[in-house]
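Excluded from the calculations below are hydrogen atoms, water molecules and symmetry mates; all remaining heavy atoms, backbone and side chain alike, are included. Per chain, numbering begins at 1; letters A, B, ... match sequence-line order.
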2 protein chains.
Amino acid sequence: MQSLIDIQKRLLPDLLQVLHKRYSILRHIGFMQPVGRRSLASNLGYTERVLRSEVDFLKEQNLVSINNIGMSLTSEGKNLLEDLEGLIRELIGIDVMELELKHRLKIRKVIIVPGNSDESLMVKEDLGKACAFCMKKYLTGKNIIAVTGGSTMAAVANVLTPEIGKKELLFVPARGGIGEDVQNQANTISSIMSKNTKSKHRVFYVPDQVSNEIYQSLIKEPEIHEVLNLIKSASMVLHGIGDAITMAERRSSKPEIMEKLETNAAVGEAFGYYFNEKGEIVHKVLTIGLQLEDLAQIPNVIAVAGGASKVKAIKAYMKKAPASTILITDEGAARKLLKG
Amino acid sequence: MQSLIDIQKRLLPDLLQVLHKRYSILRHIGFMQPVGRRSLASNLGYTERVLRSEVDFLKEQNLVSINNIGMSLTSEGKNLLEDLEGLIRELIGIDVMELELKHRLKIRKVIIVPGNSDESLMVKEDLGKACAFCMKKYLTGKNIIAVTGGSTMAAVANVLTPEIGKKELLFVPARGGIGEDVQNQANTISSIMSKNTKSKHRVFYVPDQVSNEIYQSLIKEPEIHEVLNLIKSASMVLHGIGDAITMAERRSSKPEIMEKLETNAAVGEAFGYYFNEKGEIVHKVLTIGLQLEDLAQIPNVIAVAGGASKVKAIKAYMKKAPASTILITDEGAARKLLKG
DNA sequence: ATGAAGTGGGACATAATTTGTCTATGGTGG
DNA sequence: CCACCATAGACAAATTATGTCCCACTTCAT
């Protein structure tokens, strides 16, 4: 298979580019259909005319149909697209990258999705789908799933289906309210997840930063105590990884904290922990819930983070990540990770 | 693997055309090297400039080398060319055509060689090679091989190698001298074949058309009698198929015969038998040797004929051909055969 | 030796294609 | 009904491909 491509590449060096171009057009049409030429063009970053030539070609091939409401895939196009998915993965060499990254990061598994989620929303959705697929694979019997917040986790939540919920699931937020806007909060996300999988969830709302005193009294609240126990006994953790500064800003952290992060050169964030490039913890949001050291006890830890912009963060966090971690990322991030 | 090619056919038909073009250029260079741009261009039917662009590209890719004596394949180019053969076969869908033709013509096997021997001498040589390969496959132990004349059979003779002659072979002309110029006569060809395979052959020269009287006396000649017996006990027959009119002219047949062929709409010729489109025998050159009805007794009958121009002839003859026939033809003929 | 015939490479006007951009026209949904 | 988004058409500008010569050189047969 690879040899076949290699042979062709000698005689048609731009083969892969063209294939990829047409594939991505098909994919976008499939995703956005019915869609107009202009919006598709701007979405793909092609000029209108170029896209038009390609679309004309695809129409010629009976892969897309065009009517006055926009372009859609024909059923042929749909089938072809499905066949293409696997092919493109192989062509890009994703399998190879996955293995290589797994070894370099010294974690359990790496799953890479084609594309770059910085550039396309679709890819973020694909990250979510990959995560859902992965969850399904590792969930057995009863499960408690602890989740964190963030836009990536929100994307995961959106693509979960009742099929995954066939097993008995209970979603809980991994940690007390870690800032952020409501829709990306862990509480919200775990509730969406439970809704989409038709399973249960628990809310866990505690003030962002607590003094030791309050902490002690909170912990004695039976409700909170119970949820805390659930969290610590989770069989799966889903979490995102963020860029340190971006996260701090999103949480509207105080100036002194921002300064601390800057002087300590924090680059990555996960669970409210901030890391520098060496993977050292330079700051930690004080809150109740899952602590970094608890992770080692949890059988399945799935980290989802994509986009070339998150590379530094991913790299930093991965130095401390437990070996049981499964990283789900995208091609854009993976390539950059492998370069460094 | 098949899926890859199918997908490419759908998504990159234009590129595959280019692939094919470049392949044929490589192939021709390999065949004619060292060769100049002009002669290659006229050979391939491209204009000089077009060929030049392609050659520049191939040079860029380090597949051909250019010096003042002409263009040649580099060793890389040579390797690639070999790898390409199989790919191109699949791309053109030759395997499919072979099966389809086999069923339609109701014969034992069809082997198709890429290209059109009307247009390129190379393809005729390839026909020969395919025939040689096929012979090797079906020859076992001692063999008597009866061969006919014609330029196609001459091409076969030229590419036979001693390797095939490892088995014990004896070449004999299938029929008495059936006209034609000396170098394409059955006698000449069987002698070349024996030379190239380092094996034996028998000559068999008898006047073209004999009266019954002479026939009877000839048959009593021990020499001729012996050869006749050899022919009838042959384990393999190699023969060409020709266009009726062309063959008649080449044999400088008498006007009354030409007329007979025309009024009876003869289109094909094999072994000195002329057929109309329905496969009916409309004329027969009277000569000693293998008769059409003897063919059924011979285990391996290999018919070699290529070129779109021979399609009618092939189609006509195949209506009468024994079921044990193996047809070796080229893409040009095969496509046209499948159309009708 | 010499000339014919072959070679690659340079040059250039012209044809063909690709590309960017704008307009016309017509459904669709609020 | 109107604003909006859709496709298709059109067309000039830019780019690329193509056809055609010519030149200098080598080779090879005469």
Contact boundaries on DNA chain D for chain B, cut-off under 4.0 Å to non-hydrogen atoms: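 The protein-touched segment is D:dT18 to D:dT26.
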In whole angstroms, how far is the [atom2] atom of [N] from the [atom1] atom of [X]?
{"X": "B:Ile69", "N": "C:dG8", "atom1": "CD1", "atom2": "C1'", "result": "12 Å"}
{"X": "B:Glu54", "N": "C:dG9", "atom1": "CD", "atom2": "P", "result": "16 Å"}
{"X": "B:Leu51", "N": "C:dG9", "atom1": "CG", "atom2": "C1'", "result": "14 Å"}
{"X": "A:Asn68", "N": "C:dT25", "atom1": "CG", "atom2": "P", "result": "16 Å"}

Value rounded to 0.5 Å, distance of CG in A:Leu63 from NZ in A:Lys78: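 It is 13.5 Å, given to the nearest 0.5 Å.
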Gap between atom NE2 of B:His20 and atom CG of B:Leu87 - 0.5 Å precision: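 Reported to 0.5 Å precision, the distance equals 10.0 Å.
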Salt bridge between [X] and [Y], side-chain N to carboxylate O under 4.0 Å?
{"X": "B:Arg27", "Y": "B:Asp126", "answer": "yes"}
{"X": "B:Glu85", "Y": "B:Arg89", "answer": "no"}
{"X": "B:Asp14", "Y": "A:Arg22", "answer": "yes"}
{"X": "B:Glu125", "Y": "B:Lys129", "answer": "yes"}
{"X": "A:Glu331", "Y": "A:Arg335", "answer": "yes"}

Candidates C:dA11, C:dT21, C:dT28 - which lies nearest the side chain of A:Glu48: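 Between C:dA11, C:dT21, C:dT28, the one nearest the side chain of A:Glu48 would be C:dT21.
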base_contact_polar (C:dG10 base, B:Arg52 side chain, donor-acceptor, <3.5 Å):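 Such a pair exists between side chain and base.
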Within 6.0 angstrom of A:Leu338 CG, more than 12 heavy atoms from elsewhere: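 Count over threshold, so yes.
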Residues touching DNA chain D, which here means a heavy atom under 4.0 Å, drawn from residues 35-47 of chain B: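 Nucleic-acid contacts, sorted: B:Arg38, B:Thr47.
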